Amino acid sequence: MRRTHSCGELNHSHVGEEVVLFGWVHQRRDHGGAIFVDLRDREGITQIVFDKAHGADAHAAAQDLRLEYVIGVRGKVASRGANVNPKLPTGAIEVHAEELHVFNSARTTPFVIRDEVEASEELRLRYRYLDLRRPAMQRIFHTRHRINQVTRNYLSSRGFWELETPFLVRFTPGGARNFLVPSRLHPGSFYALAESPQLFKQLYMVSGFDRYFQIVKCFRDEDFRLDRQPEFTQIDLEMSFVTREQVMEVMEGLLARIFEEVLGQKLQLPLPRLTYDEAMARYGSDKPDIRFGLELCDVTEAVKEAAGGGVPVFAEAVAAGGIVKLLRLPGGGGMSRSELDKLEDVAKSFGARGLARAKIGPDGSWTQSPLAKNVEPGLRARINELAGAQEGDVLLFQVGPAKQVNGVLGQLRVQLGRKLGLIPEGSHAPLWVHDFPLFEYSEEHQALVAAHHPFTSPRPEDVPLLSTDPARVRSNAYDLVLDGFEVAGGSIRIHDAEIQEKVFQVLGIGEKERQEKFGFLLDALSYGAPPHGGIAVGLDRLVMVLVGADSIRDVIPFPKTQRGTDLMTGAPGDATPAQLEDLHIRVVLPEG
RNA sequence: GGGGCGUUAGUUAAGUUGGUUAUAACGCCGGCCUGUCACGCCGGAGGCCACGGGUUCGAGUCCCGUACGCCCCGCCA
């Protein structure tokens with residue numbers, strides 16, 4: 001037997017043809033004289049009918065079929081007349097089996113291979129090859145394939161060359177923790193698995209390749225989140241002789257093509273933009289989900305003018321240089337005390353000390369709030385005015401350092417937006433966030449560190465600040481944000497030796513350290529480097545958002561669990577003493 | 001490193017203030033059935049209640065610890 005068609009393509013036009021289908025037994029309905037089998041392959045499901053009239057031997061053999069047997073069927077395509085199954089694309093026809101061949105039987109699977117049957121994720125990961133049989137999973141990876149294809153076609157058409165970079169690289173400090181690979185030939189020396197192709201793509205620009213892209217794995221030994229895995233894929237690109245506008249234009253074009261191809265949606269270009277400061281002020285996040293409102297309201301100035309307005313925590317916060325912001329929940333006054341208490345617990349889990357609140361009563365009075373007793377009417381009225389508070393609303397306050405206040409309210413906003421059903425189903429809202437600070441203060445190092453990486457260029461108008469007030473320098477960096485996820489980030493790099501020198505000074509990286517760590521790149525930049533910049537897309541995250549998956553694991557074929565293990569293969573595993581000896585490695589396990 | 005939630009037939013879940021034989025659905029096995037399509041009907045098998053301690057006359061249920069899974073903080077230039 002040789003396959004003539006897939007299980008997803010037969011329709012009325014094939015009626016009367018003899019066909020051969022191969023696939024898995026998806027469902028079996030035995031009516032005695034007739035046995036119906038839904039045959040499944042990658043492309044779809046076709047109903048096969050076994051009965052004595054069309055094939056007595058086949059009908060007899062079909063009685064032994066069980067779920068997930070792998071079979072081949074030869075038979076004639078027949079119309080189902082009025083008895084169509086509207087749920088199947090092939091529902092207008094069926095195949096009357098004349099010959100059945102069983103390629104392989106199958107043990108009873110740990111879970112039924114069907115979209116509606118939800119097994120625990122743990123079990124799905126242990127039997128990932130079975131989980132991947134589910135049509136819903138196959139659709140995801142087909143989508144992922146199409147995004148790859150669109151990306152290659154689009155970027156090639158825009159003059160980009162697909163070029164590769166090494167995974168085994170020299171360890172470079174800063175940034176994500178690297179996975180280390182011991183060198184057998186150089187005892188005591190290690191490669192690092194590349195956390196990104198960053199330095200190599202810049203070298204391609206120095207080499208004159210002009211426009212590079214790559215769909216590439218990156219490795220980062222950091223803790224996991226629902227959108228973070230230790231190995232993930234980037235669509236990485238870099239361009240010579242461009243401004244950030246040109247990089248953004250290419251990226252927007254790519255995203256628009258992907259939206260059109262995958263969702264059939266036209267994307268309105270150019271995309272909206274927010275500065276980092278604006279994003280933090282209005283949404284409390286540098287990756288805001290702008291599919292819904294519920295914006296934060298800053299009342300710091302009003303509190304300052306009123307000298308705390310009789311509320312001790314307000315007064316303390318502004319005296320210490322902190323801020324006061326609130327989230328107004330329209331109609332939130334209907335929430336019960338315990339609901340609000342739960343919200344306070346949520347806020348605490350985000351690092352808040354508490355969650356002061358006020359329900360708005362008639363005439364703008366505040367009720368059910370410790371604030372209500374203390375607050376001066378003048379400040380209360382001003383805050384109500386700034387927040388647009390109406391009777392029946394509830395105001396949720398955070399006071400303290402800006403970073404904490406924005407962090408807590410920003411996360412609370414997302415949680416509430418989801419809980420209150422403010423996010424329109426199936427909608428997407430991409431935007432740019434730009435003008436990030438070039439440096440940020442690291443508590444750990446008690447010093448300014450690069451917010452992006454040390455080769456990110458400052459905004460030209462901020463260059464003078466490098467010597468006077470480096471903390472205020474904004475960068476030529478930009479993130480593409482989609483529905484609350486950072487799906488791409490990039491920057492225009494420094495190609496001017498003088499500016500690079502100043503950045504290193506701010507970062508406290510001396511001559512010796514530079515040569516040691518980045519010498520090859522600095523050398524390269526000194527031999528005639530074009531102005532250049534680029535961006536890298538987190539492909540897994542993008543796919544996750546576009547297909548509506550709950551986690552990045554659903555769009556990676558063989559992902560790791562949160563503790564970094566592969567439940568199917570058992571990785572990571574032990575090394576043999578001989579392997580360790582070869583690598584000149586001795587294992588010292590932690591105590592206990 | 002820290003916080004939270006979970007773990008009961010093959011699977012997904014229920015299991016009351018601690019109380020006799022731990023339920024259901026799907027799956028599995030056997031039988032019947034020629035128009036089902038989440039087929040239907042009849043019958044059956046299937047349990048170290050994650051693991052280890054403890055409290056108690058008595059623990060799936062209460063307490064402590066461990067393992068595993070998930071979510072979050074830190075971390076992710």
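First the proteins, then the strands, lettered A, B, ... as listed; each starts at 1. Worth saying up front: this structure is predicted, and the values here are computed from it rather than measured.
Residue A/F36 is in base contact, counting any heavy-atom pair closer than 4.0 Å across all strands shown. As judged by a 4.0 angstrom heavy-atom cut-off over every strand, A/E94 is placed among the base-contacting residues. The residue A/Q27 sits close only to the backbone: its heavy atoms come under 4.0 Å of sugar-phosphate atoms, none of a base. In this structure, A/S120 reaches the sugar-phosphate backbone alone: every heavy-atom distance under 4.0 Å involves primed, P, OP1 or OP2 atoms, never a base. Residue contacts for A/A53: at a heavy-atom cut-off of 4.0 Å it reaches no nucleic acid atom on any strand shown. If you check every strand for non-hydrogen atoms under 4.0 Å, A/R28 touches nothing. A/T456 comes within contact range of no nucleotide atom at all, as no heavy-atom separation falls under 4.0 Å. Within 4.0 Å of A/L88, counting heavy atoms only, lies no atom of the nucleic acid at all. As judged by a 4.0 angstrom heavy-atom cut-off over every strand, A/K87 is placed among residues touching the sugar-phosphate backbone only. Residue A/L123 is classed as a sugar-phosphate contact, given heavy-atom separations below 4.0 Å to backbone atoms only.
A 3.5 Å limit on both hydrogen-bonding distances identifies no Watson-Crick or G-U partner for B/U17. In this structure B/G46 sits in no base pair that meets the Watson-Crick or G-U test at under 3.5 Å. Pair assignment for B/C41: B/G31, on the basis of Watson-Crick or G-U wobble contacts that are both within less than 3.5 Å. Remark: B/G65 base-pairs with B/C51; criterion is Watson-Crick or G-U wobble with both hydrogen-bond distances under 3.5 Å. Remark: B/C70 base-pairs with B/G4; criterion is Watson-Crick or G-U wobble with both hydrogen-bond distances under 3.5 Å.
For B/C76, the base has a donor-acceptor partner in the side chain of A/R228 [N/O atoms by modelled type, under 3.5 angstrom]. Not a single donor-acceptor pair, N or O on each side, falls under 3.5 Å between the base of B/U11 and the side chain of A/E118. Looking at A/R225, its side chain comes within 3.5 Å of the base of B/G74 through a donor and an acceptor atom. With hydrogens and angles ignored, a donor-acceptor pair closer than 3.5 Å exists between the side chain of A/R80 and the base of B/U36. Side-chain to base pairing of A/D30 with B/C33: one donor and one acceptor N or O lie within less than 3.5 Å of each other.
Taking only side-chain atoms of A/Q562, from C-beta outward, the nucleotide of B/C70, B/G35, B/G69 with the closest atom is B/C70. Listed candidates were B/G35, B/C71, B/G27. Nearest to the side chain of A/R114 is B/G27.
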Using a cut-off of under 3.5 Å, enumerate the N/O to N/O pairs linking the protein to nucleotides 4-9 of chain B.
none

Close N or O pairs between protein and nucleotides 41-43 of chain B (under 3.5 Å):
none

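Residues A/G351 and A/R66 both approach RNA chain B. Their nearest nucleotides, taken by heavy-atom distance, put A/R66 toward the 5′ side.
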Steps toward side chain to side chain donor-acceptor pair (under 3.5 Å) verdict (A/R107, A/T109): CA-CA 6 Å; A/R107 294 159 63 194; A/T109 50; over 6 Å; no
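For A/R228 and A/E222, the salt-bridge test fails: no basic side-chain N is under 4.0 Å from an acidic carboxylate O.
In this pair, A/F436 and A/Y276 present their aromatic rings tilted. The plane angle is within the 30 to 60° band.
Side-chain contact of A/Q202 with A/Y204: a donor-acceptor pair under 3.5 Å is absent, judged by distance alone. If you check the side chains of A/H96 and A/E94, you find a donor sitting under 3.5 Å from an acceptor.
At the phosphate of B/C72, neither OP1 nor OP2 sits under 4.0 Å from any side-chain N or O atom of A/Q415. Applying the 4.0 Å criterion to OP1 and OP2 of B/C39, one finds that A/R29 has a side-chain N or O inside that range. Listed pair A/R563 / B/G69 meets the phosphate criterion, a side-chain N or O lying under 4.0 Å from OP1 or OP2.
Using a 4.5 Å cut-off on side-chain heavy atoms (C-beta onward), A/E511 and A/R514 make contact.
As rounded to the nearest Å, B/G30 and B/C5 have P atoms that lie 45 Å from one another.
When each of A/R474, A/K502, A/R472 is checked for a salt bridge (charged side-chain N to carboxylate O under 4.0 Å, His left out) with A/D462, only A/R474 meets the rule.
Listed by first then second residue, pairs satisfying side-chain hydrogen bond (donor to acceptor under 3.5 Å, both in side chains) with a partner in residues 127-138 of chain A read A/E68-A/R133, A/E118-A/R134, A/R124-A/D131, A/R128-A/D131, A/D131-A/R134, not counting sequence neighbours.
A/F190 and A/F171 have their aromatic ring centers separated by at least 6.0 angstrom.
Of the possible donor and acceptor atoms, one in the side chain of A/Q214 sits under 3.5 Å from a partner among the backbone N and O of A/T165.
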